[in-house]
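Following: one structure in structure tokens, then a few remarks.
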Amino acid sequence: MISDPITLDHEHTRAEQRVMLALLYFGAAAMMTVWALESYSGAITPWDRWLLPISAAAILGSALLMRRRPQWAKGLRVLPVAIFNLYLVVTLLSAVRFASGPQQWYQTVTGMYWVPLAFGCAFVFLPLRQALWVSGTTAAGIFGPLLVWSARDALPPWFDDSGPLLPVLGLAQATFIVLLAAVVTLRNNHEQAHAHMQAMHALARTDMLTSLPNRRAMVEELSRALVTTRRDGRPLAVALIDVDHFKRVNDVHGHATGDAVLKATGTQMAHQLRASDRLGRWGGEEFLLCVPDTEVASAAALAERIRHAVQTFPHAHGAPVTISIGLAKVLPGDDIDALVRRADRALYLAKSRGRNRVEVLAA
Ligand SMILES: Nc1nc2c(ncn2[C@@H]2O[C@H](COP(=O)(O)OP(=O)(O)OP(=O)(O)O)[C@@H](O)[C@H]2O)c(=O)[nH]1
């Protein structure tokens, strides 16, 4: 059976949450690995010795908080992104300004390597507008001071001597932000189109008046049920259900009352079913019920329950409404037409034997 959109959405959110948490654990572990490598090789700066593990711990902490409070997780996502981006701005600018010799070069270059990752995190964790804002702020936080220092000749000599490093780096990072925004926009468009298609698919298979599956959906249901029955040799019963003297309801009480009766009858019948049974509007005042995995005797008992529920329902127009039900079981070699035709023959019997009854076609 196809999962309903709410279940699918819930599963999607849970899967997304799992990926986000895995990324945060991985990120914290990567930061601690960098810390260990740099500490071991002596390339670590005095501030990174503390800032790096503190930031990693803060990211891990926010991951654990998101796990503990899944209902806040969406709002909390900005936290690890802000921690990482802030750490990167501080450590990079400090390296340019306060580190010296090879340590300064190493910390600046590796810092620049991590900047695209900061943008990437923003676009993975946050909605598009927020991601653009965070990335823009991060880029401004890094390149703003670098530009000012460049204008004042306060940058390390190798920065300007080795070529137009600052504008090229800035352009590369800006291009990366544009690329990420484009990818996310394309993905959002794709998701919207997909959701729209799902809605259209559901609409095309739903009867507007009763909100039950329509004939198209029931034909699909029947063909699925027939495939399963043929494959597993499981029983299958199908019932055609027709409202008795429905023309009279329309003629006496009006078309609007007729519509209300069809709606209420559909709802009453649906209340009697198990999750695996499928009821749909076959057309006009006729409904079709597909009862998989059920012997015809049990299906007849279900049909009787449905008939009784409809008969006893107190309609707003004050008169009882009854239904006739024709039931048939699947036979070897049956296709949809053959099966429904036998249910229709059984329905004809129910009508001709006085209505408000269930008839089963033996073969
Ligand atoms: N209000 C309303 N009436 C509908 C709808 N679809 C079909 N009908 C009416 O249902 C009536 C069916 O009438 P008949 O086929 O003569 O059957 P019946 O009066 O129920 O008689 P039996 O089936 O022999 O018991 C027709 O008058 C249709 O116009 C609908 O969506 N709304």
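It should be emphasised that the depicted structure is a prediction, and the values quoted were computed from it without experimental measurement. One-based numbering, in listed order, for ligands and for the atoms of each.
- Note on ring orientation: taking the six-membered ring where Trp is involved, the planes of Phe119 and Phe176 are tilted (angle from 30° to 60°).
- Protein residues are said to neighbour a ligand when one of their heavy atoms lies under 4.0 Å from it; for ligand 1 these are Asp242, Val243, Asp244, His245, Phe246, Lys247, Asn250, His255, Gly258, Asp259, Leu262, Arg281, Gly284, Glu285, Lys351, Arg355.
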Review item, side-chain donor-acceptor pairs of residues 28-39, under 3.5 Å, at least two apart:
residue : atom : partner : partner atom : Å
Thr33   : OG1  : Ala29   : O            : 2.7
Trp35   : NE1  : Arg49   : O            : 3.0
Glu38   : OE2  : Tyr106  : OH           : 2.8
Ser39   : OG   : Trp35   : O            : 2.6

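- The 12-atom threshold is not exceeded at CZ of Arg67, counting heavy atoms of other residues, nucleotides or ligands nearer than 6.0 Å.
- Tyr25 meets the ring-ring contact (aromatic ring centres under 6.0 Å, His included) test with no other residue; sequence neighbours excluded.
- Ion pairing between Lys351 and Asp244 holds under the 4.0 Å rule for side-chain N and carboxylate O.
- Among residues two or more places apart in sequence or in another chain, the side-chain contact (heavy atoms from CB on, under 4.5 Å) test is passed with Pro164 by Pro167, Val168.
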